[in-house]
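Quantities reported herein were computed from a predicted structural model and do not represent experimental measurements. Just so it is clear, the values below take in all heavy atoms, side chains as well, and ignore hydrogens, waters and symmetry mates.
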Amino acid sequence: MSVPVKVRFAPSPTGYLHIGGVRTALFNWLFARNHGGKFILRIEDTDLSRSTEESIQEILESMRWLGLDWDEGPFRQTERQEIYSQKVEQLVSAGKAYSCYCTPEELDRKRSEAQKAGLKPKYDGTCRNLSDAPEGVPSVIRFKAPLEGSVVVEDLLRGKVVFDITELDDLIIQRTDGTPTYNFVVVVDDSEMGITHVIRGDDHLSNTPRQCLLYDALGYARPQFSHISMILGQDKARLSKRHGATSALAYRDMGYLPDAMINYLARLGWSHGDQEIFSIKELIEHFSFDSVNTSAAIFDADKLSWVNEQYIQSTPPELLAQRLEPHLVTAGVLAKDHGLNMQEIAKVIPCLKGRAKTLKEMAEKSAFFFKKQVEFDEKAQSKFLTDEVKPLLEKVITGFSALDDFSSDKIESVFKKIVEEENLKLGKLAQPVRVALTGTTVSPGIYDVILLLGKEKTIKRLRDVI
């Protein structure tokens, strides 16, 4: 690159951070990190009627959870109004923008007439060359766009895209209340902040010719554009709540690991050979727009769960314990003031790693270990904890009490001895013991459960059941 790469992610704070927005942020972040450039966070809050502080904080929390750190910002457009006003005045003074006094009712009527005539409903330029301004009539400021020619956009992904200027109209750049509009402030901010590459969703491609004309009129150099494909649901409709969760923090609360989420979203539209699982370092090293697809990506929740499972299995227990702890509290397995350290929480992880696709699922399955009182599934209790089982449980207690070496092999030997003496299949003993210790018929391997609980806790629970 002839100049240092500088990119931005610029969400509107009108709701939660959508998964599609996360992938846009990720592609910008990876591109910047790959080129040793800068990643800027900008909050586009000029829509005062819909922007909220709550949404801003949720966006920041989502970015921090995902590890998408920014080098500058977060900038808020509402704090940059003076710059926008100066640039509007610059265009007006140069004869490249003008006041428009058409009322909303007049514009609606003209739009309706154009549609009835089979024409594109665009502004007809009524006030474009107006010499006398009506007194006391509120006005907007419109950009005076060229009337003919074309706008050529060189897109990193799509190549040369040509737009006919006659399809455009004179864009409003400032509202009657003096606030600037989206297409105008984006151009000013990207230029004033030195953005070299604008990487965004392809739903913004239609805005690009208008913005290019504004760059030219303000004397700014155009950035390099790259419009990435949308993320669709499996029915190939735009990803929405009816396809499942679409909020970044919703996936955190469901127990997905941030690195797994990053890995999965990076692979939605980008590839590096046949590799599926990447470290963050590998993603940064390999990311290139040469390997980004222009076709829409399909969001597959099952594939995301598989990726998350791979990360759960490969993450060291103590690091995973830090991620697991909030889910244990949320699930009611641990109290908020539980007082356990990460080493104590990490003890349960090895025997659950291959049995949980999410941290939420892991938290629920680890309740048997952390809760002091076993909570019994009624069906399991009535089926397996019968009077006939008492003598078997007593034999298990006797066998365990005699063990000095409470190891997996010794535990197994106690079970084998009892089933041989009683002429039973292993399940006839293992399942009642499992229910007695965990309250359910589903758990890690019975020897793993016993070893995890330890000799003292195991014997106490068996005695309580008896």
Test of ring centre spacing under 6.0 Å for [X] and [Y]:
X: Trp70; Y: Phe75; result: no
X: Phe287; Y: Phe27; result: yes
X: Tyr264; Y: Phe299; result: yes

Assess [X] against [Y]: is NZ or CZ under 6.0 Å from the centre of the six-membered ring, and within 45 degrees of the ring's axis?
X: Arg142; Y: Tyr123; result: yes
X: Lys457; Y: Phe369; result: yes
X: Arg33; Y: Phe31; result: no

message: A side-chain contact here means heavy atoms from C-beta on lying under 4.5 Å apart; do Thr441 and Val435 qualify?
response: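 Yes, at least one pair of side-chain atoms sits under 4.5 Å.
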message: Quick one, Leu119 and Gln115 - any side-chain contact, counting heavy atoms below 4.5 Å?
response: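 Side-chain contact under 4.5 Å: no.
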query: Does any donor atom in the side chain of Asp164 or Ser150 lie under 3.5 Å from an acceptor atom in the other side chain?
result: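 No, Ser150 and Asp164 have no side-chain donor paired with an acceptor closer than 3.5 Å.
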- prompt: Among side-chain atoms of Thr179 and Asp177, is any donor-acceptor pair under 3.5 angstrom?
  reply: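 Asp177 and Thr179 do have a side-chain donor-acceptor pair below 3.5 Å.
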task: Assess whether side chain to side chain contact (heavy atoms under 4.5 Å, CB included) is satisfied between Val185 and Glu44, documenting all intermediate values.
output: CA-CA 9 Å; Val185 294; Glu44 299 194 336; 5.8 Å; no
Salt-bridged, [X] to [Y], with N to O below 4.0 Å?
X: Glu325; Y: Arg323; answer: no
X: Lys347; Y: Glu318; answer: no
X: Glu375; Y: Lys371; answer: yes
X: Asp216; Y: Arg222; answer: yes
X: Glu285; Y: Lys281; answer: no

query: For Arg8, which of Asn28, Thr196, Asp190 qualifies under side chain to side chain donor-acceptor pair (under 3.5 Å)?
result: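 Of Asn28, Thr196, Asp190, side chain to side chain donor-acceptor pair (under 3.5 Å) with Arg8 is met by Asp190 alone.
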query: Can you tell which of Thr294, Thr208, Asp202, Asn207 makes a side chain to side chain donor-acceptor pair (under 3.5 Å) with His227?
result: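 Option passing the side chain to side chain donor-acceptor pair (under 3.5 Å) with His227: Thr208.
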task: Output, in order, the C-alpha distance, side-chain angles, deciding distance and verdict of salt bridge (Lys or Arg N to Asp or Glu O under 4.0 Å) for Arg80 and Asp189.
output: CA-CA 9 Å; Arg80 296 169 57 80; Asp189 282 342; 2.8 Å; yes
message: Let's go through Glu167 and Arg210 carefully: what are the C-alpha distance in whole Å and the side-chain angles of both, what is the deciding distance for salt bridge (Lys or Arg N to Asp or Glu O under 4.0 Å) to 0.1 Å, and is it a yes or a no?
response: CA-CA 10 Å; Glu167 292 294 308; Arg210 299 178 184 276; over 6 Å; no
message: Does Glu378 have more than 12 heavy atoms from other residues, nucleotides or ligands lying within 6.0 Å of its CD?
response: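 No - once you tally the heavy atoms of other residues, nucleotides and ligands closer than 6.0 Å, there are 12 at most.
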